[in-house]
Protein chains: 2
Amino acid sequence: MDKTASQNDTGASAARRRLLDTATRLFYTEGIRAVGIDRIIAEAGVAKATFYNHFPSKDDLVLTYIKEQDRLGRDAVSALPEQPPRAMISAIMGRISAAVVAGGWRGCPFLNAAAEYPDPTSAVRQAIDARRTWHHDVLRELLLADGDPTPSVTASLLVALSDGLLEAAYLDDPKGVPALVAEALERLLVRR
Amino acid sequence: MDKTASQNDTGASAARRRLLDTATRLFYTEGIRAVGIDRIIAEAGVAKATFYNHFPSKDDLVLTYIKEQDRLGRDAVSALPEQPPRAMISAIMGRISAAVVAGGWRGCPFLNAAAEYPDPTSAVRQAIDARRTWHHDVLRELLLADGDPTPSVTASLLVALSDGLLEAAYLDDPKGVPALVAEALERLLVRR
DNA sequence: TCCTATCCAGACAGGTCTGTCTATTTGCAG
DNA sequence: CTGCAAATAGACAGACCTGTCTGGATAGGA
């Protein structure tokens, strides 16, 4: 998961920043429903009234957490050096390996959140939808530029592989995942 | 998700069976932490004392739910007609399509549960581990018999694809998944 | 200096959660 | 018919949850 949140911060309040950082850590490592407001404000060293001054409700905090993770991921992709489509696809998929070997991996925050939010019309689920659409679209356009004959299908397969390997890194063996990412790219992309 | 639980039932009590069926439905569609004991016993039409007579705690009920889903999945694979390895692999992966087009798909129950159980030493997580090991091993042995040069790697990729496509069916488009399953097999298995 | 915005500490209400307990009823085996 | 196992309804304790509120501390700009 992206952790460089404290830097480019939106919202501009030390207390708010501490709240969001603490919530991000706790929601990610322990689950959303499992973590209460009292716990977050205690570990952030913030009063309850201050919390409700910055976030109208817990759900709003959750939504902010999800949207920030989304933004950080997109920013990281935007910051990748310009390179040919095929190399760019490898670089994007390579972010999986980077996230996973760092340690403390607890699965994809978006998939974990989706498991706790069954209502597809909820704001959290819609934010997750937006994230997934972005991911698919980025890959599809790169595949199109790379000359892939079925860019949308290949993009769907790459998204599925990403999700599956992120789960494998959480539940099975993180160390084996980078090799699997490379192997998957070999097999899913058209040989040239 | 497998729903033919009421038949081959272990535990042999009508109340217990009703409790487990109701819990399975609610845990799956709404999440585990989101569903309380009071809700389960109300919908199952069972008294609270009866519940705690059959299950020592809620966690025990959750574990029973996970283990039953695991058993149903393994039974379904065992019941597949005998066929050559490659066809058997297709049949196993084809269960994804079957599960997903049935409607009411809310994601893989094991991945959803894992999102809510961060502690890898918990009984629930260990049951999920066992399930994942079984899945990988079944595929690896079939791939070995099929002459795949790297059966373990290919099995890991197939497991990742399964997980990813099950998530795609939940969060993106269920209708597109069967075609993606077929396409993934084409690309991941060695061409013969 | 004073005013205002932000913050902290913590009580409180109203609800929900798990798990225990009492007291009663049902139904089947001997 | 008797006796026992299992079921019922529901109160209860103790903990935790979200969200509101009061009251006081702090700090920076006019």
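Note on naming: letters A, B, ... go to the chains in the order of the sequence lines (proteins, then strands), and numbering restarts at 1 for each one.
Going from atom CZ of A/R39 over to atom P of D/dA15 covers 18 Å, rounded to whole Å. Rounding to whole angstrom units, CG of residue B/D59 and P of C/dG19 are separated by 8 Å. With rounding to whole Å, B/N53 atom CG is found 11 Å from C/dT20 atom P. As rounded to whole Å, 11 Å separates atom C1' of D/dC16 from atom NZ of A/K58. Residue A/I40 contributes atom CD1, which lies 10 Å from atom P of D/dC17 at whole-angstrom precision. Rounded to whole Å, atom C1' of D/dT8 lies 11 Å from atom CD1 of B/I41. One interatomic measurement links the two molecules: CG of A/L61 to P of D/dC17, which rounds to 15 Å at whole-angstrom precision. Atom pair A/D38:CG and C/dA9:P shows a separation of 13 Å (rounding to whole Å applied).
Contact between the side-chain N/O atoms of B/H54 and the OP1/OP2 oxygens of D/dA7 is found at a separation under 4.0 Å. Taking only side-chain nitrogens and oxygens, B/S13 comes nearer than 4.0 Å to OP1 or OP2 of D/dA7. A close approach under 4.0 Å does occur between a side-chain nitrogen or oxygen of A/T50 and OP1 or OP2 of C/dC8.
Nucleotides of DNA chain D nearest to A/R33 and A/A49 differ in position, and the one nearer the 5' end is that of A/R33.
Taking every side-chain heavy atom of A/A47 into account, C/dC8 is the closest of C/dG19, C/dC8, D/dT8. Closest to the B/I37 side chain, of the nucleotides C/dT18, C/dG19, C/dC8, is C/dT18.
Residue B/R18 is classed as a sugar-phosphate contact, given heavy-atom separations below 4.0 Å to backbone atoms only.
Shown here for B/R74 and B/A130, the closest heavy-atom pair between the two residues is NH2-O, 3.6 Å. When every heavy atom of B/A113 is checked against every heavy atom of B/I32, the shortest pair comes out as CB-CD1, 3.9 Å.
Scanning atom types as modelled, one donor and one acceptor separated by under 3.5 angstrom connect the side chain of A/K48 and the base of D/dG19.
The closest side-chain donor-acceptor pair between A/D59 and A/Y117 falls under 3.5 angstrom. Side-chain N/O atoms of B/S162 and B/R95 include no donor and acceptor closer than 3.5 Å.
Checked against B/E30 for a salt bridge (charged side-chain N to carboxylate O under 4.0 Å, His left out), the options B/R39, B/R25, B/R106 give a single hit: B/R39.
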